[in-house]
Amino acid sequence: MVSAPSSLTSKVRPLAFETGIVALAFLDSKVAFVGTDGAVFLIGLEEGATPVAVVVHQGGVLSAASDGKRLVTGGDDGRVMELLSDGSTRELAQQKGRWIDRVALGPDGAVAYSAGKVAHVLQAKGEAKSLEVPSTVGGLAFAPKGLRLAVAHYGGVSLWFPNAAGAKPEVYGWKGSHLGVTFSPDGRFLVTTMQEPALHGWRVVDGAHMRMSGYPSRVKSFAFTADGKWLATSGSGEAILWPFQAKDGPMGKEPAMLAPSPTSRVTVVAPHPKDPVIAIGYEDGMVMMVRISDGAEILLRAPDTDPVTAIAWHGSGGAVAFGTEKGQGGLLAF
Amino acid sequence: MAETQAEKIPVTVLTGYLGAGKTTLLNRILSQPHGKKFAVIVNEFGEIGIDNDLVVGADEEVFEMNNGCICCTVRGDLIRIIDGLLRRKGGFDGIIVETTGLADPAPVAQTFFVDEEVQAKTKLDAVVTVADAKWLSDRLKDAPEAKNQVAFADVILLNKTDLVTGAELDAVEARIRGINPYAKLYRTQKSEIDIAKVLNQGAFDLERVLELEPAFLEEDEHHHHHHEHGEACGPDCGHDHHDHDHDHHHHGLKAVHDEEIQSVSFSTDKPLDPDKFFPWVQNIVQVEGPNILRSKGILSFKDDPDRFVFQGVHMILDGDHQRPWKDDEKRLSRIVFIGRQLKRDLLEEGFLACVA
């Protein structure tokens, strides 16, 4: 790949942590790097700020979600924790002796988490609700509007309205183990990552199927672009972008491919919150910023064999940060 | 790459029918002063507590893979748990997976070959089966799971030997050998065993197929059994084996043929043609995959200076060149299948047709 170090590469603030990084998120004017063994490192965006470690879990962090104001994490200590930018923490729920496998944030302060086969929803007002699905929960995602939760599991996805008492969840079935789930920003499509190197999608209104395959490895990172036109995915040597502009989504269409690496694989994709730009992390440690329209690339981190595990943008689009498996990180404020 | 290979975390799978002594063995492994830390994945928090910091409850969810291979089942919950465990790096030296008494070991084993990330960071070390000397014979008749667990095993603890007579013990051992003559077998009481005989077996490691050769080579089961025993209970094992060694000479212990599960092995000293062998073996595991529990082979190909070794679980095959044949080594190709209702004649004919 021909990506010469750019003027931006030198503006990235390099960071180093005591543990590997599993997730990260911007909280107000700080960025939170989530470490492997329960500590979160908070750093101000301003020049010269140093990381402050906050111990959030007594053990490994299994899942994290953020809305830009708070970071919610699930740990193998059985706790669902909230962290704010001032470093304060709060326990939102606890399941003794269980792992909190997945967490998700929804509208009006709603939080979803799962332990084993049970998905739980906590609301700012109103009581906690739970739903047991046929197998361990693979993924959780709130619909963009209304209180509706998608719960991925073996054999498909259950769409659940936690506040509709007695209503059975609607099941979108497809054989196989579904591990991650997301809605398109307009709420028209539901897409899962699978145990196999493939994605599966449904049109919510009629359940029409979309099968997106051809990956050399399992897709672990996927996200819609802000305009909802593309679904960016990891799992291949380049970022694979499925077109969702048309009313039947990507059916019968070829995906776009961005920033191919001849030697490595994409591990993380993070679309810009406003513009048609994607930050892409690779297994060899490289991080790129790529414009979707013409594939123009800007190198943010040179490859060094340390796999990129997390990338996040500030909600304003004014900063991007990334972390690696061995505990390296970078922060770039524009 | 070499570095990451070395860091792979070994995984031991403990199986055994209900009440055979799995949890006792597990606690023995954990409590011996080996200075190692294990993550333990259990399916039932039984009445007997497990003395370990890192115990994870699993749900034993067996999933089919969407790859058109009906016997490619994996443990979805294991993939998730191992992914979670691997996030805490350096926290433990090995993983022990205890299955329920009713579990088929195959999906557990296949998980370590089918999932890319699990395979990248862990390696299946061995399937260890604890068998109850008093009840195993009955279970082999009425519980298909018990038979699967014996057939699948790399190491078998024939446990609770104090509850049966010497003759009963020989009879049950003969039944085990009829199903699986290749596993290392140890007679134990209260699951008492040197854990070095249970851990770090490398039973799925192609590099160490070599070490399994003695068990391999012996076609004659009586002979084989005898040899195996010598290895299993060497002078350092600390057990008093005088009596049962004695028994061997008197009774000429034999493997008792099992109607359902058998092992078959074939060999030839004529070099094989790889262009015949690979299509044949791939077809065999495709067609007979559900019936073939385990397979292993050491092969000599025509015009190839290297030994080729392979091992498989159902339809999943793993093979590689191992090392050059030595000058004084007999270039013998050997292949072993353990499975259900195996068509011996068909397999033998097919194998011998691969001769170059």
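We name chains A, B, ... by the order of the sequence lines, and we start the count at 1 in each one.
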Measure distances from Asp76(A) to the heavy atoms of chain B and classify the residue's part below 4.5 Å as side chain, backbone, both or neither.
side chain
Value for CD (Gln201(B)) from CG (Leu124(B)), rounded to nearest 0.5 Å, stands at 12.0 Å
Under 4.5 Å to a heavy atom of chain A? For Ile79(B) that would be side chain
Rounded to the nearest 0.5 Å, the CG atom of Leu293(B) sits from the CZ atom of Phe337(B) at a distance of 12.0 Å
Checked Gly138(A), Gly60(A), Ser135(A) vs chain B; the most non-hydrogen pairs under 4.5 Å come from Ser135(A)
Taking only residues two or more places apart in sequence or in another chain, which ones pass side chain to side chain donor-acceptor pair (under 3.5 Å) with Trp202(A)?
His209(A)
Report the distance from atom CD of Glu64(B) to atom CD of Gln195(A), rounding to the nearest 0.5 Å.
13.5 Å
Counting only non-hydrogen atoms closer than 4.5 Å, does Asp83(B) touch chain A with its backbone (N, CA, C, O), its side chain (CB onward), both, or neither?
side chain
Quick one: list whatever passes side chain to side chain contact (heavy atoms under 4.5 Å, CB included) with Thr309(A), sequence neighbours left out.
Ile21(A), Glu325(A)
I'd like to verify something: which residue of Lys117(A), Arg98(A), Lys220(A) has the highest number of heavy-atom pairs under 4.5 Å with chain B?
Lys220(A)
